[in-house]
Amino acid sequence: MKTVLITLGDSNGLGPELVCRHFLEGASPVDGRYLLIGPETALTWHVARLGGGRFWERLAAPQQAASRDAGVYLYVPERLEGMAVLPGVENVSGGLAAGLSLDVACDLLMGRLAGAIVTGPLSKLALNRAGFAFPGHTEFLAERAGVGPEGVCMHLCGPRLRVSLATTHPPLRQVPDLITRERILTCLRLTHGFVTALGLKTPIAVCGVNPHAGEGGLLGREEIEVVEPAMAEARGEGIDAVGPLPADTVFFRAAAGEFSAVLAMYHDQGLGPLKLLHFHECVNVTLGLPFIRTSVGHGTGFGLVGTGKADLGSFRAAVELARTLLAAG
Ligand SMILES: NC(=O)C1=CN([C@@H]2O[C@H](COP(=O)(O)OP(=O)(O)OC[C@H]3O[C@@H](n4cnc5c(N)ncnc54)[C@H](O)[C@@H]3O)[C@@H](O)[C@H]2O)C=CC1
Ligand SMILES: NCC(=O)COP(=O)(O)O
């Protein structure tokens, strides 16, 4: 049995609350071995508010999980012991909790003491203010896994729409220069591998960079000079890729079932449509890592913490997908 790690993410964000609700409202007995990583104070705050009981067993060292039965375990990194939590408040402590927890998780994953990680949401700003110079989990995990940001592809999936991103979190001004032939090819290979593993056989659609996919060069030349050559190379490898297609209509077609996934060129081009359709059920998967990583599609939702209004769907879907991918080997 392989361990699934669950990092609480920002200790003041929605992560700890969703973890508590997932296990308190979930089926018993627990369907696998889970190791939670983060400050216990964040969990006890929510358990008290929710009126539940303690549902985890505390471990002195995270490596101990590997020899335990199915159940829910908790490891608290030393510096997070007894840490004060301020649910709903974005501060450096929340970023520190997220960063230190992720660090421990990476050691376990790279040491093959766990097979998958489900990450609770973190604040990119708080993470950086706490001294972790990464734009998000994706880049953090890629570096710690030794594949680097160029070796991974951010992918978010829901029941009808699946979207990969050619670029992750750069400022928009930098995007065109980061869309290279190699980058598109890497994302197409990784997306193809993922949709094939899901048993999907329809083509992958590739978005244009410019309005109307450049309109034959009239509205921009990236499609002709970069995207099309990369796609031709991908097709030579047996990847069924269609496009570049105008991004204003491709998602509508994909949601209707025409494509297995859409490769979008940048964050908001792909995630706006995805979240419009699947906000409460989508899962963020990092393709290209040597282990499985899934996450909620939403962020820290500071304003919702402790109100009881947060939807649990995306978190539940993230855990379920991690388990499915783990079972598939
Ligand atoms: N995987 C991760 O760690 C992610 C982290 N973030 C980070 O989260 C922070 C906050 O980002 P925002 O843009 O405000 O996005 P957000 O997803 O936290 O919030 C956007 C809107 O959705 C609502 N919302 C969020 N989660 C919800 C849930 N489970 N149920 C119902 N409503 C929910 C919020 O109340 C807000 O109105 C930022 O620092 C961002 O970078 C954002 C996305 C993913
Ligand atoms: N909008 C997706 C997102 O920001 C995910 O970031 P990451 O923390 O998973 O890298």
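Below, each value reflects all heavy atoms present in this structure, side chains not excepted, and no hydrogens, waters or symmetry copies. Whatever order the structure lists ligands and atoms in, that order sets their numbers, starting from 1.
Neither the backbone nor the side chain of Thr119 has a heavy atom within less than 4.0 Å of ligand 2. Both the backbone and the side chain of Asp311 come within contact range of ligand 1, each with a heavy atom under 4.0 Å. Contacts of Arg293 with ligand 2, taken as heavy-atom pairs under 4.0 Å, involve the side chain alone. Under 4.0 Å from ligand 1, the heavy atoms of Phe279 that appear belong solely to its side chain. Under 4.0 angstrom from ligand 1, the non-hydrogen atoms of Leu14 all belong to its side chain.
Heavy-atom proximity to atom 6 (O) of ligand 2, evaluated over Glu139, Lys275, Lys124, is greatest for Lys124. Comparing heavy-atom distances from atom 8 (O) of ligand 1 across Thr300, Val296, Thr307 singles out Thr300 as nearest. For atom 1 (N) of ligand 1, the nearest non-hydrogen atom from the set Ser295, Ser314, Gly313 comes from Ser295. The heavy atom nearest to atom 4 (C) of ligand 1, considering only His137, Lys275, His298, His169, is found in His298.
Nearest protein neighbour of atom 6 (N) of ligand 1, counting heavy atoms only, is Gly299 CA, 3.5 Å. Remark: minimum distance from atom 31 (C) of ligand 1 to any protein heavy atom is reached at His280 CE1, 3.4 Å. Of the protein's non-hydrogen atoms, His267 NE2, 2.9 Å is the one closest to atom 1 (N) of ligand 2. Looking from atom 3 (C) of ligand 2 to the surrounding protein, the closest heavy atom is His169 NE2, 3.5 Å. Taking atom 33 (C) of ligand 1 as the reference point, the nearest protein heavy-atom neighbour is Leu304 CD1, 3.3 Å. Nearest protein heavy-atom neighbour of atom 10 (O) of ligand 2: Thr138 OG1, 2.6 Å. For atom 3 (O) of ligand 1, the nearest protein heavy atom (residue, atom name, distance) is Leu122 N, 3.0 Å. The protein non-hydrogen atom at the shortest distance from atom 5 (C) of ligand 2 is Asn284 ND2, 3.3 Å.
Applying the 4.0 Å criterion to heavy atoms of Pro121 picks out, from ligand 1, the atoms 2 (C), 3 (O). The ligand atoms of ligand 1 that sit less than 4.0 angstrom from a heavy atom of Lys124 are 4 (C), 5 (C), 6 (N), 39 (O), 41 (O). Those atoms of ligand 2 that come under 4.0 Å of a heavy atom in Gly136, given as number and element, are 8 (O), 10 (O). Counting the atoms of ligand 1 from 1 in the order shown, those under 4.0 Å from a heavy atom of Gly301 are 18 (O). Heavy-atom contacts of Ser123 reach the following atoms of ligand 1: 39 (O) (cutoff under 4.0 Å). For ligand 2, the atoms sitting less than 4.0 Å from at least one non-hydrogen atom of Leu271 are 1 (N), 2 (C), numbered in the order shown with element in parentheses.
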Practice prompt. Could you give me the CA-CA distance, side-chain angles and deciding distance for Val319 and Val4, then say whether side-chain contact (heavy atoms from CB on, under 4.5 Å) is met?
Written response: CA-CA 9 Å; Val319 175; Val4 176; 5.7 Å; no
Discussion item. Set out, in order, the CA-CA distance, both residues' side-chain angles and the distance that settles side-chain contact (heavy atoms from CB on, under 4.5 Å) for Leu14 and His298, then state yes or no.
Written reply: CA-CA 10 Å; Leu14 278 178; His298 58 77; 4.0 Å; yes
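Lys201 and Asp240 are not joined by a salt bridge, as no carboxylate oxygen comes within less than 4.0 angstrom of a charged side-chain nitrogen. For Arg21 and Glu17, the salt-bridge test passes: some basic side-chain N is under 4.0 Å from an acidic carboxylate O. Residues Glu40 and Arg54 are paired through a salt bridge, judged by an N-O separation under 4.0 Å between the basic side chain and the carboxylate.
The shortest heavy-atom distance from Gly303 to ligand 1 is not under 4.0 Å.
Taking hydrophobic clusters as Ile, Leu, Val, Met, Phe, Trp and Tyr residues chained together by side-chain heavy-atom distances below 4.5 Å, Met154 does not share a cluster with Val285.
Side-chain polar atoms of Glu139 and Thr168 form a donor-acceptor pair below 3.5 angstrom.
Not a single donor-acceptor pair under 3.5 Å links the side chain of Arg183 to the backbone N or O of Leu178. Between the side chain of Arg162 and the backbone N or O of Val195 there is no donor-acceptor pair closer than 3.5 Å. Without hydrogens or angle criteria, Arg129 side chain to Asn91 main chain gives no donor-acceptor distance under 3.5 Å.
Checked against Ser295 for a side chain to side chain donor-acceptor pair (under 3.5 Å), the options Thr286, Thr119, Thr7, Thr138 give a single hit: Thr119.
Listed here is the closest heavy atom pair of Gln269 and Cys207: OE1-CB, 3.6 Å.
Taking the six-membered ring where the residue is Trp, Phe55 and Phe23 present parallel rings, their angle staying beneath 30° rather than reaching 60°. Classification of the His22-Tyr34 ring pair by plane angle, with boundaries at 30° and 60°, yields perpendicular.
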